[in-house]
Structures are given as structure tokens and as C-alpha cells.
There are 2 protein chains.
Amino acid sequence: MTAKQQAILDAALQLFAREGYAGTATSKVAKTAGVSEGLIFRHFGNKQGLLDAILEQGREHAKQAFAKVVMEADPKKRIEKALEVPYTINQRDYELWRLIYAIKWQTQQYDNSMYDPVRLVLTDAFKQLKYADPKAETELLLMYLDGMATALLLHEPDNKAAILEALKQKYDL
Amino acid sequence: MTAKQQAILDAALQLFAREGYAGTATSKVAKTAGVSEGLIFRHFGNKQGLLDAILEQGREHAKQAFAKVVMEADPKKRIEKALEVPYTINQRDYELWRLIYAIKWQTQQYDNSMYDPVRLVLTDAFKQLKYADPKAETELLLMYLDGMATALLLHEPDNKAAILEALKQKYDL
DNA sequence: TGTAAGTAAGTGATTGCTTACTTACTTAAA
DNA sequence: TTTAAGTAAGTAAGCAATCACTTACTTACA
């Protein structure tokens, strides 16, 4: 990965997140990156390839974010760590996450299977803790995470900490 | 509102929701609606005006969806009705909601004040029920609603009813 | 060691096509 | 007969993608 290649990816991420994928011209990406337009197509083939390269980096970030949840042995702590995931997102990665959340409404094939490993370990945790419907609890928790992440990315509520506290109480944490 | 005007709105909603606002050409809207392209600009001024007209209809739908929550006097029932809101969305309005959810990631000015009346009555309900932090509880509930609506619109989980049940339990309902 | 051959990175002008929007005109109804 | 609804054929700007070309650097070998 050369410096200019990374510059293209950075510029594209910024522009795609702010103006949308279809709303961003490759010429603008090139200008922002300080690079000729042709270089984009040499390195990434076409515009879609550029988006794919960004989303690939995003998938790595997601894996990292959930790694600590999957690795946790204690079921109660596992659930607690899952609830905290949205809070662990680094502010400088917000643009990447905003793009990922925007894209999932634009493409018809929403890839929900990405979270299957997390699903597995959460269902197991709820089972160990004798919850009535572990699978439903898992889906519910994932919905919370989605709503929480949306709130953080779009309007960053002032009482973040209190909200997390209220949520933890519902799981006796 | 003439028949052709409504045909334009219907076609635009369908296309904007499926292919995105920037990804949809006005010529395609015209073709889908069975109308000349010029008519779109006569009635709605420009492409943005067309989107605005659709979103205005959306705001009316949202008001209606939350009306029963705001009107409920009993605090416990009020919370219960709020939790059920995503389930009351009519399947034929899904395209409209998908567009609204997609748009909020594309425009920078996310209008969160729209839910302020709901916020007010929910905070009041939690206060009456002696919750420790009524405002945090309200934000948490709104986040759940957002996550639930997202799930319903994007991948319709098979255990919808069980998830709602698990959630209601957390509020002793 | 000197140089010829090879290669990946990078440029910017140009391509054919699509875009949002306009214009000049026709139709229909009150 | 006025006016709103509607059309078909534009226009200029913007689009993704390609092109022939240059630059910077590495490798092979006489």
C-alpha cells in the first residue's frame, strides 16, 4: 500500500461518508487525495472496487471491536462487554462507521451473517444464565447495540454514561 | 393532487428507497411513473423538491404512529404502547420508512427534534414509575425502537414476537 | 561497473454517455 | 379565452472509465 493509495482510500472514505457513494464523483476523490483521477482506476479497478476496499477495512475494525466479547469466558462479563461495544468505537473511526451504516440501506443484500460469531457466544451466555429465551435475548441485545451505535454516530447524546447504566441494570449488571 | 402527480411520488419513493436518492435519475422516475420528465419539474420544482414532498408524507405517518403513545394516560400502558410502535408499521409503508432511514445517514442535518413530544410523555411515565433516571430511560427506549425498526425493515427476524416479549419483561410488563 | 530491459506508479487529456433542468409547444377544462 | 397540465426535444455540465504517455526504480548480464 503506497502513500497515494492510502490517500485515495482516506479521501474516498471521507467523501462517501459525507456525500454518499453515488453522490461522490471519482474526480472529487482524486482532487481531495491530491492524485490524478486515472490512478484510482489503476489501483482499484472501478468505483465499486474503491468502495469494496474501504468496506474490507471496516470488516476488520468490526472483528476487532467484538473480539473482546467473544474471548470473555464469564457469561455475565461477556454480556457486559457486548453492551459496551458501541462506546469502545474510536472517534476517528466514526466516518468509517457512518459509511457502513449508510451503505447497509443502499445495497439490497444486507450481510447480517457477519455477527453470527457474536450471536453464538451471546446465546450461550444467556443460556448459562437461565434466561427464558436465549435467542430472543440475543437478537434484542443486538438491536440495542444497533440503536446505540446509531445514536452515537448521528447525534451523540449528552447522557451516554447514564444510558449505559440504565441498560446494564436491565441485565442485573 | 392529480393522478400523475401521485404517480410521480409513488415512482420516486420506490426508486429512491431501492437505489438511493443520488443514484436515481429523474428520467427514470418519469419513465416508471409513465410521465414526461418535464412534468416532474413543473410540479416539484427540482429533484430535491420531489424528495421533500415524499418526506413530508413520511412525517405525517410518523405522527400517526406515535399518536396512540402520546394519548395513553396510564404510564405502564404508555411504555408498552411505545415498545409496540415498530410492530404497528404497515408492511406497505416499509418502502417509505426505508427511505427515511436511508436519508438520515445521507443528510448532515439529522432532525432528532421530531420525537420530542414522545420524549416528553415517556420521561413523564418513567418519572411516575419511580425509575432512577427517567431521561436516560427515555433515550434508551428510543434507541431500542430505532434498532427494532432497523431490524424489521432490513431483515425481518423470525422470532419478532419473542423479542418483544423479552423486552417487555425488562419493564415488568 | 555500466547499461539495457522491464515494471509498477502515476499523469492528464479525452471518451461516450448520463445527468438535472429548460424551452417551445400542445391539450383540456372552467 | 385564460390557465393549468402535460409533452417532446433539447442543452450544458458532469460522470465513470480509458487512453497514450512519463517517471522512478529494479533487475540481469556483457
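Below, read A as the first sequence line, B as the second, and so on, with proteins coming before strands; counting in each chain starts at 1.
- Remark: DNA chain D takes part in the stems C:1-30 with D:1-30, each of 3 or more antiparallel Watson-Crick or G-U pairs, criterion distances under 3.5 Å.
- Distance, B/Leu39 CG to C/dT27 P: 16 Å, rounded to whole Å.
- Per the geometry, CD belonging to A/Glu37 stands 15 Å off P belonging to C/dT15, to the nearest Å.
- Atom-to-atom, CD of A/Gln6 to P of C/dA9 comes out at 15 Å; the value is rounded to the nearest Å.
- The ring-ring contact (aromatic ring centres under 6.0 Å, His included) search around A/Phe66 returns A/Tyr115, not counting sequence neighbours.
- Nucleotides of DNA chain D that come within less than 4.0 Å of any heavy atom of chain A span, from the 5' end to the 3' end, D/dC15 to D/dT18.
- With hydrogens and angles ignored, the 3.5 Å screen pairs no side-chain donor or acceptor of A/Lys160 with any backbone N or O of A/Tyr87.
- Counting to the nearest Å, the P atom of C/dT19 and the CG atom of B/Leu15 are 12 Å from each other.
- Counting any heavy atom pair closer than 4.0 Å across all strands shown, B/Gln5 reaches no nucleic acid atom.
- The closest side-chain donor-acceptor pair between A/Gln48 and A/Asp52 falls under 3.5 angstrom.
- In this model, a donor atom of one side chain and an acceptor atom of the other lie less than 3.5 Å apart for B/Asp124 and B/Gln128.
- Under the ring-ring contact (aromatic ring centres under 6.0 Å, His included) criterion, B/Tyr144 pairs with no residue at all, not counting sequence neighbours.
- For DNA chain C, the neighbouring residues in residues 41-49 of chain A, judged by any heavy atom under 4.0 Å, are A/Arg42, A/His43.
- Counting only distance, with no hydrogens or angles, the side chain of B/Arg78 and the backbone of B/Leu122 share no donor-acceptor pair below 3.5 Å.
- Applying the 4.5 Å side-chain rule to ILVMFWY residues, one finds that B/Leu120 remains a lone member of its cluster.
- In this structure a side-chain-to-backbone donor-acceptor pair under 3.5 Å is missing from A/Arg98 to B/Trp105.
- Using a 30° and 60° split on the angle between ring planes, A/Phe126 and A/Tyr171 fall in the tilted class, from 30° to 60°.
- By the 30° and 60° cut-offs, the orientation of the rings of A/Tyr21 relative to A/Phe16 is perpendicular.
- When only modelled atom types and interatomic distance are considered, B/Glu37 and B/Thr26 share a side-chain donor-acceptor pair under 3.5 Å.
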